[in-house]
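Below: one structure, written as structure tokens.
Just so we're clear, the structure is a prediction, and the values are computed from it rather than from any experiment. Note that ligands are numbered from 1 as they come in the structure, with each ligand's atoms numbered from 1 the same way. Computed over heavy atoms, backbone and side chain alike; hydrogens, waters and symmetry mates excluded.
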Amino acid sequence: MSDAEEQGNGTVPTGSEGENAATEQTIVLVTGGSGLVGKAIQRVVEEEIPDDEQWIFCSSKDADLCNLEETRALFEKHRPTHVIHLAAMVGGLFHNLRNNLEFFRKNMAMNDNVLLACHELGVKKVVSCLSTCIFPDKTTYPISETMVHNGPPHPSNFGYSYAKRMVDVLNHAYNADHGRLFTSVVPCNVFGPHDNFNIENGHVLPGLMHKVYLAQKEGKPLEVWGTGNPLRQFIYSYDLARLMVWALRSYTEVEPLILATDEADEISIGKAAILIVNAFGFRGHVVFDTSQPDGQYKKTASNAKLRKYLPDFKFTPIERGIQETVDWFLHNYEQARK
Ligand code: NAP
Ligand code: GDP
């Protein structure tokens with residue numbers, strides 16, 4: 001048993017019980033391998049790599065995936081049999097609000113290029129990432145996998161959302177026309193070591209961690225943007241990594257699969273801020289700047305489909321995930337993305 005499993009971090013049988021039981025060498029290429037999720041997958045697979053698997057983690061330094069020729073060259077070089085496609089322009093509410101066009105164009109280009117290169121090389125399986133923030137703004141709850149295309153997304157991030165929805169269109173079209181097994185998973189808000197701690201562009205948890213760090217240093221109050229009322233499900237990056245490795249080896253549907261914590265574990269932004277304050281031992285004031293937008297009030301997603309496959313999966317308690325991430329941020333402040 002790994003250290004993480006002993007500590008109760010999300011556990012899942014990621015072993016080669018699925019389609020890869022064959023002796024043929026499996027070459028897994030991970031796009032976006034230098035990011036939050038990519039680094040977590042790297043740590044999880046390095047705990048135990050089966051002899052017949054080789055994993056390659058790529059970043060934008062290896063190829064600009066917005067460029068088709070660079071994408072083709074990367075895939076020709078490694079000739080993967082399996083792909084986890086994470087590379088994307090990613091950001092929090094405020095980054096999205098300012099850059100919908102760029103989010104749409106870059107993500108459309110990357111997704112189209114990567115899936116075309118996978119098709120041309122006959123890649124056996126691709127797992128791409130959607131997000132629970134791409135679902136319709138006006139919807140019933142809980143949200144399920146069948147609702148991806150039901151209605152317009154929240155206006156704050158329509159560029160990112162429509163580009164991500166098109167991954168599902170591409171997956172179905174490659175399957176219908178060519179029999180390809182290209183699928184997608186749908187994570188909720190992810191956090192963990194190697195996140196983007198930039199205050200203007202990052203997601204709420206890393207943004208608030210950086211703000212508490214500065215508030216503590218400068219003896220100022222912590223400023224939380226918005227009312228603090230919106231609700232979010234947060235998944236620790238190592239839990240998501242285990243689930244994605246399982247999905248690559250064992251999930252065989254083209255239809256998306258939501259990878260979210262239980263609905264009961266959804267918390268408010270205000271509560272999340274308090275958990276971060278506690279993890280830092282911050283004793284200053286906490287103020288809410290209600291002139292800032294709240295974004296979508298909630299996007300409560302059901303993990304019932306995941307639970308059918310993995311009924312016993314245990315998510316890391318959010319308090320522990322936040323404490324580990326804060327500790328990582330403090331130990332790696334100089335190198336952290338910020
Ligand atoms: P991240 O930390 O920002 O990492 C993004 C990755 O994409 C990096 O490895 C980056 O490479 C690479 N990349 C960006 N532009 C590229 C380009 N033009 N060519 C090649 N590579 C490029 O993102 P993440 O949070 O790990 O997200 C991973 C996936 O999960 C994404 O598809 C995202 O949409 C999805 N997701 C994330 C969340 C979340 O809360 N973070 C929630 C739901 C879904 P460099 O390091 O070289 O820049
Ligand atoms: P979302 O979950 O896709 O909406 O994106 P975020 O991870 O950026 O979370 C946005 C929510 O957190 C909104 O309700 C914001 O008002 C709230 N929030 C509070 N403080 C911050 C902050 O410092 N950074 C960010 N990104 N969001 C914040």
Evaluate Asn99 against His95 for side-chain hydrogen bond (donor to acceptor under 3.5 Å, both in side chains), listing each step before the verdict. CA-CA 6 Å; Asn99 299 288; His95 196 25; 3.2 Å; yes

So is there a nitrogen or oxygen of [X] less than 3.5 Å from a nitrogen or oxygen in ligand 1?
| X | result |
| --- | --- |
| Val37 | yes |
| Leu65 | yes |
| Lys164 | yes |
| Met110 | no |

For [atom], what's the nearest protein heavy-atom neighbour? Residue, atom name and distance, please.
| atom | answer |
| --- | --- |
| atom 24 (N) of ligand 2 | Trp225 CE3, 3.7 Å |
| atom 42 (C) of ligand 1 | Cys188 O, 3.4 Å |
| atom 3 (O) of ligand 1 | Arg337 NH1, 3.3 Å |
| atom 4 (O) of ligand 1 | Gly35 CA, 3.4 Å |
| atom 16 (O) of ligand 2 | Pro293 O, 2.8 Å |
| atom 28 (C) of ligand 1 | Leu86 O, 3.6 Å |
| atom 40 (O) of ligand 1 | Val190 N, 2.9 Å |
| atom 6 (C) of ligand 1 | Gly32 CA, 3.5 Å |
| atom 36 (N) of ligand 1 | Tyr160 OH, 3.9 Å |
| atom 9 (O) of ligand 1 | Ser34 OG, 2.7 Å |

Say whether Ala109 and ligand 1 are in contact under the criterion: heavy-atom distance to a ligand atom below 4.0 Å.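 False for this residue.
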
Is ligand 1 less than 4.0 angstrom away from at least one heavy atom of Asp64?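 Yes.
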
Ligand 2 contact on [X] by region, counting heavy-atom pairs under 4.0 Å:
| X | value |
| --- | --- |
| Lys299 | side chain |
| Leu93 | both |
| Val204 | both |
| Gln292 | neither |
| Ala273 | neither |

Would you please determine whether Arg232 falls within less than 4.0 Å of ligand 2 on a heavy-atom basis?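 Yes; Arg232 lies near enough to ligand 2 that a heavy-atom distance drops under 4.0 Å.
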
Check ligand 1 against Ser59 and write out every atom of the ligand that is under 4.0 Å from a heavy-atom position of the residue.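 In order of number, 47 (O).
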
Which of the numbered atoms in ligand 1 are under 4.0 angstrom from any heavy atom belonging to Ser131?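 Checking each atom against Ser131, I get 43 (C), 44 (C).
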
Where does Ala63 meet ligand 1, judged by heavy-atom distances below 4.0 Å: at the side chain, the backbone, both, or neither?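 The backbone, only.
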
